[in-house]
Amino acid sequence: MLKIQNIQTFYGNIQALKDVSIEIEEGEIVALIGANGAGKTTTLMSICGISPPRSGDILLDGDSIKGVAADKIVQKGIVQVPEGRRIFPDLTVQENLEMGAFLRKNKRLIQQDLNYVMTLFPILEKRRTQLGGTLSGGEQQMLAISRALMARPRVLLLDEPSLGLAPLIIKQIFEIIRKINKESNTTIFLVEQNANQALKLADRGYVMENGRITLVDSADKLLANDDVRKAYLGI
Amino acid sequence: MAEKKHKLLEVKGLTMDFGGLRAVDSVTLEVHEGEIAALIGPNGAGKTTFFNCVTGIYKPTKGDILLHPKGLETRRLNGLKPNKVTEMGLARTFQNIRLFPDMTVLENVMIGRHCRTKAGIFRAIIRDKMVRDEEQQIIESSYQLLEKVGLARFANEFSRNLPYGAQRRLEIARAMATDPFLLLLDEPAAGMNPYETSELDQLICKISSEDKIAILLIEHDMKLVMNISNPIYVMEYGKKIAEGSPREIKDNPKVIEAYLGEETDA
Amino acid sequence: MEYFLQLFFSGLTRGSIYALIALGYTMVYGIIQLINFAHGEIYMIGAFVALIVAGVCTIYGLSGVSILILAGVIAVIYACAYGYTLEKVAYRPLRGAPRLAPLISAIGMSIFLQNYVLLAQTSDFLPFPRLIPDFAFMEPVAHIIGSPELVILVTTVVTMILLTLLIKKTRVGKAMRATQQDMNMARLVGVNVDRIISMTFIIGSGLAAIGGVLVASYIGQVNFYIGFLAGVKAFTAAVLGGIGSIPGAVIGGLVLGWAESFAAGYISSAYEDVFTFGLLVLILTLRPAGILGKARKQKV
Amino acid sequence: MLQNLKQSLLISLWFVFLTFPLMVVRVNTMDQVVIWRWMNMLWVAIASFVLSYGWRYMFARQKVRKKVADEGGETRSKLQLLLEDMSFRYKAMGVILVAALIFPQVFDTYQSTIMISALIYVVLGLGLNISVGLAGLLDLGYVAFFGVGAYSYALLNHHFDLGFWISLPIGGIIGCLFGIVLGFPILRLRGDYLAIVTLGFGMIFKVVMENWDSLSFGPSGIANIDKPSFFGMDLNLADSTVYIYYIMIAMVIFTILVTNRLKNSRVGRAWIAMREDETACVAMGIDIARTKLSAYALGAFWAGMVGVLFASKTTFINPASFTFMESAIILSIVVLGGMGSILGVIIGAFFLILLPEYMRAFSEYRMMTFGAAMVLMMIFRPQGIISNLRQTYQYKGLKDKTNNG
């Protein structure tokens with residue numbers, strides 16, 4: 001459903017992505033793993049239209065979305081939970097969630113989804129009127145995921161959802177991600193440094209190094225791959 | 001190695017709070033003469049914040065940072081301005097490269113010489129012999145540093161036009177130009193390809209052995225870390241969770257857990 | 001005491017006008033970090049358009065508060081159109097350019113607009129028709145606060161309330177706040193940031209025009225150059241309050257209005273502007289981010 | 001094609017609407033008359049229609065250029081390449097110097113006077129270039145230092161009968177002292193805050209000069225300031241203009257020499273580094289406070305000095321000469337010319353000062369054109385006329401040879 005074909009993305013003169021191709025089928029969970037600075041975040045930003053690729057193409061259901069404005073891409077159903085959460089710090093939790101549904105008009109359905117994410121993460125109900133910036137890291141991550149869900153995404157892009165969180169919360173968040181995938185058949189593209197966790201959750205995985213995809217395989221096989229283990233643990 | 005080495009940097013119970021968030025939680029760490037020490041840990045563990053405290057960019061909430069230059073008296077670095085810290089002999093590089101993009105490669109290194117040279121405004125205008133000599137010396141020594149990191153052929157390029165890996169090495173050269181006895185490298189290998197990384201590996205060892213500069217580095221590339229550094233300190237959630245030789249670190253279940261999630265089957 | 005109250009109210013009136021103009025600066029700055037130097041000119045154009053409408057009407061024999069309202073509405077519409085065009089022509093092509101470029105462009109636009117009005121109209125001060133009658137119910141307090149002041153205060157308060165509602169409650173307002181806090185994230189939830197920036201310019205310009213019309217009818221004259229000083233002072237107010245902060249702009253405007261009014265009343269009216277900028281230097285030295293501004297921790 | 005036409009028609013329609021009240025209706029509320037100037041609508045429509053084509057063309061060109069740059073192609077203009085050729089530069093400098101020296105012999109006093117004011121702005125531009133162009137400290141009140149210098153000389157001359165030559169360094173030093181004193185509170189400020197505070201200083205200076213009658217004689221200013229003396233001789237107007245012209249040429253050369261040396265010195269590099277990245281700069285052991293202050297004070301020094309000359313040239317000064325507009329023009333010289341580039345600033349000064357002078361025929365339109373030019377320049381050539389040239393050093397015992405812009 002989402003097809004990235006040989007994209008090259010630059011930051012100024014620095015080439016961040018070199019010939020990256022990724023395919024994601026409907027309903028799948030695909031993980032992109034790699035070290036810091038490998039180009040994972042850039043990949044997501046290229047898909048979302050924030051840093052459009054200079055060459056190559058990105059197709060959604062066969063239609064090119066390369067060069068389409070970021071807000072139009074959201075409208076097409078690709079929604080990102082960016083690295084570092086990026087909650088609007090001076091909006092309340094409720095307002096943050098409403099911002100997630102910015103492009104939707106149907107008030108009743110929005111309310112319904114609001115209730116849904118509150119059951120998914122009950123803590124958000126409690127924090128409803130609090131400013132986003134005052135939440136703890138884990139709560140912010142939950143809010144960020146919920147905000148993205150409010151857009152009713154067809155493809156959910158997650159950038160390092162485990163970053164800086166305690167193991168228990170990571171576990172909780174990964175379970176929710178699985179649940180979102182199962183319950184609403186949302187396609188998920190997960191970018192992680194925490195390779196083990198990500199691959200356990202995903203169906204398939206891509207490994208990225210220095211802006212290139214170096215390995216593609218099913219998640220189980222990648223988990224067992226010696227190179228992957230070496231790359232991440234230096235063992 | 002049995003002989004007790006001179007302790008250069010001593011950090012005791014360093015704590016840094018941002019609002020309600022404790023980014024660094026009573027971390028204790030030491031760097032001795034001739035060492036290449038490494039500080040590792042998952043993203044967001046507080047490593048860079050630790051660097052920023054030591055180099056004076058942040059003022060730590062609690063704890064002591066003591067510098068013991070050889071043959072000089074001990075200095076407490078807490079609350080000193082970053083330029084004073086650098087003057088004291090402690091230089092650093094940045095995680096997200098911070099070169100001076102509109103200056104040439106050579107000029108970037110020449111900036112590093114600033115705190116070791118003297119010419120003021122009036123002398124610069126008059127440009128007497130001493131100033132000219134000093135200037136020439138800055139050029140020569142900067143050029144030598146560029147040769148050392150393998151960037152001499154780029155000397156007159158704008159630094160923004162350098163490839164990524166070369167920019168990282170330029171940052172190291174620039175930091176070395178301040179004549180440090182201790183060098184703090186923040187993710188020097190980030191964004192480098194394996195070939196560049198192995199070159200960097202050699203460069204760091206060379207700096208350590210030839211220039212007698214002790215090194216403390218933050219790094220994600222485990223291969224690099226395990227190859228060249230000893231001791232290794234591991235941070236997670238702002239706390240130091242382990243320290244020791246590469247072998248000890250590899251076998252430490254806490255470390256494996258920190259890197260892989262809660263699994264301990266590695 | 002009476003003198004004090006007089007100064008108090010004249011400071012309040014003045015301050016509320018500064019606040020109206022300062023809002024435009026602060027909103028634009030909050031989103032694209034640009035000192036919109038031409039904002040004062042938008043204020044001037046608003047006043048001028050109002051003068052033209054009111055002038056034509058009075059010459060054809062119409063008069064009264066309703067004319068002022070008509071002139072005000074047309075002035076606001078035109079100011080909004082100018083603000084929108086200004087952004088499109090002079091600032092949008094410069095998105096992502098070095099920081100000084102849009103600032104120079106803004107200064108250029110300010111010079112351009114001033115001289116455009118000068119050429120199209122005149123360099124003379126034109127009297128603005130007196131359209132606010134002395135209300136009978138104001139008689140007992142007229143020596144402290146006059147009818148025009150009352151109109152200004154009521155209008156600004158109503159405008160501020162409407163603005164607050166717009167920003168707090170509406171979809172656009174929320175999008176504006178979100179864009180200000182994190183522009184790329186706003187894009188990622190589907191906000192058309194370009195449109196929001198245009199909206200910001202339009203709203204800010206409208207507010208400035210309201211200020212322009214009020215001042216013109218209060219002071220009673222208009223000239224192509226009035227935008228400059230008003231603009232500089234309003235920007236000072238915005239910085240005082242903490243630029244980027246909407247309540248900050250209001251507080252900054254009021255502080256500035258009172259400071260000027262009291263300083264002029266008790267110390268020396270000639271040095272009014274010295275107090276203005278002296279206050280600015282003082283506050284920024286003590287609190288570099290302004291009264292309500294937040295010091296942003298920069299990431300290293 | 002058709003789409004372009006439609007777009008241009010729409011733009012034209014929009015501008016007709018936009019300019020309608022101001023361009024068409026002219027109301028004189030004093031005499032109670034309204035003049036309707038309907039023809040203006042036609043002019044606006046035609047002008048905006050034509051200009052919209054030009055606008056589009058420029059953007060298309062810029063896009064092409066950007067693509068070339070992305071692919072690593074040559075984007076420097078022919079002029080820029082020529083300027084990087086050292087032998088050409090030396091020749092050009094020689095020619096310009098000779099032309100500058102014989103100028104007053106060939107042209108009349110009026111031309112020399114215009115040239116003097118252009119040269120004054122060259123020095124002002126170069127002075128401001130130190131703080132804005134090199135050190136990156138945006139200063140919107142620079143004209144205040146110019147005023148300080150001018151008033152210093154006027155007052156010293158008026159009260160103590162001090163001559164031009166002795167006052168010249170004094171004016172510079174007083175300007176410099178003001179720079180230091182005003183510099184202290186703003187050291188902590190960054191970027192736009194700095195800009196607005198400096199703007200405030202500029203305004204304060206003007207207001208104080210307008211009102212402190214006992215010191216500055218208020219808005220009426222100080223008249224009968226001595227012109228520079230030439231070995232005690234009294235010169236007639238024409239001769240003294242020529243004399244001042246040569247002083248000015250010498251001053252420009254002196255300024256170029258000094259700023260050039262500074263730029264290529266340890267101090268100058270620290271300024272540039274601070275402009276590029278303050279955090280990295282301080283991590284290199286550079287004392288930011290001292291570096292900022294030195295740049296600010298040195299910039300003020302030139303302004304003070306050239307202020308003395310300005311006062312002696314006009315023999316009359318009042319606060320009206322030191323408005324924000326002046327600061328804006330000096331800043332525009334620096335930015336339009338090319339930040340940090342000495343040659344660029346010189347060209348920028350001539351461009352901005354001489355063009356309006358020689359456009360006096362269209363004097364009505366010149367300020368408007370000036371404003372529009374600033375906007376267009378920023379949009380289509382934000383790096384300025386001359387972008388900063390790369391500096392090269394020779395090493396390995398070779399003699400230091402520099403190439404600078």
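Just so we're on the same page: letters track the sequence lines, and every chain starts at 1. The structure presented is a predicted model; accordingly, all values stated were derived computationally and were not measured.
For the pair D:Arg269 (side chain) and B:Ile111 (backbone), a donor-acceptor distance under 3.5 Å is absent. Side chain of D:Arg266 to main chain of B:Ala124: no donor-acceptor pair is present (N/O by atom type, distance under 3.5 Å, no hydrogens or angles).
With rounding to the nearest 0.5 angstrom, the CZ atom of B:Arg123 is 13.0 Å from the CZ atom of D:Arg261. Annotation: the span from B:Lys81 atom NZ to D:Asp287 atom CG amounts to 7.0 Å, rounded to 0.5 Å. Atom CZ of residue B:Arg127 and atom CG of residue D:Leu262 lie 9.0 Å apart, to the nearest 0.5 angstrom. Atom-to-atom distance recorded for D:Asn260:CG and B:Ile125:CD1 is 12.0 Å, nearest 0.5 angstrom. To the nearest 0.5 Å, atom CE of residue D:Met284 and atom CZ of residue B:Arg92 are 9.0 Å apart.
Of the atoms belonging to B:Lys118, it is backbone heavy atoms, and not side-chain ones, that fall under 4.5 Å from chain D. Contact of D:Leu298 with chain B is made through the side chain alone, with heavy-atom distances under 4.5 Å. With a threshold of 4.5 angstrom between heavy atoms, B:Thr117 approaches chain D through its backbone and through its side chain. Interface remark: B:Arg174 contributes backbone and side-chain atoms alike to the contact with chain D (heavy atom separation under 4.5 Å). The contact between B:Glu134 and chain D is made entirely by side chain atoms (from C-beta outward), counting heavy-atom distances below 4.5 Å. In this structure, the portion of B:Ile126 lying under 4.5 Å from any heavy atom of chain D is its backbone and not its side chain.
At least one side-chain heavy atom of D:Thr279 sits under 4.5 Å from a side-chain heavy atom of B:Ile57. Counting heavy atoms from C-beta on, the side chains of B:Met103 and D:Asp277 never come closer than 4.5 Å. Counting only heavy atoms from C-beta outward, the side chains of D:Ile286 and B:Asn83 never approach each other to under 4.5 Å.
Around CE of D:Met93, the count of heavy atoms belonging to other residues, nucleotides or ligands within 6.0 Å exceeds 12. Taking a 6.0 Å sphere around CZ of D:Phe380, one finds it holds more than 12 heavy atoms contributed by other residues, nucleotides or ligands. For B:Arg75, the CZ atom counts as loosely surrounded, since its 6.0 Å shell holds 12 or fewer non-hydrogen atoms of other residues, nucleotides or ligands. Counting non-hydrogen atoms of other residues, nucleotides and ligands closer than 6.0 Å to CZ of B:Arg153 gives a total of 12 or fewer. Crowding of B:Gln137 atom CD: a count of heavy atoms from other residues, nucleotides or ligands under 6.0 Å not exceeding 12. The number of heavy atoms from other shown groups lying within 6.0 Å of CZ (B:Phe100) is above 12. Summarising the local packing, CG of D:Leu97 is surrounded by more than 12 heavy atoms from other residues, nucleotides or ligands at distances under 6.0 Å.
The existence of a salt bridge linking D:Glu276 and B:Arg160 is excluded, since no basic side-chain nitrogen approaches an acidic carboxylate oxygen closer than 4.0 Å.
Among B:Val85, B:Ile138, B:Thr86, the residue making the largest number of heavy-atom pairs under 4.5 Å with chain D is B:Thr86. Highest contact tally toward chain B, considering only D:Ala273, D:Ala283, D:Ser265, is held by D:Ala273 [criterion: heavy-atom pairs under 4.5 Å].
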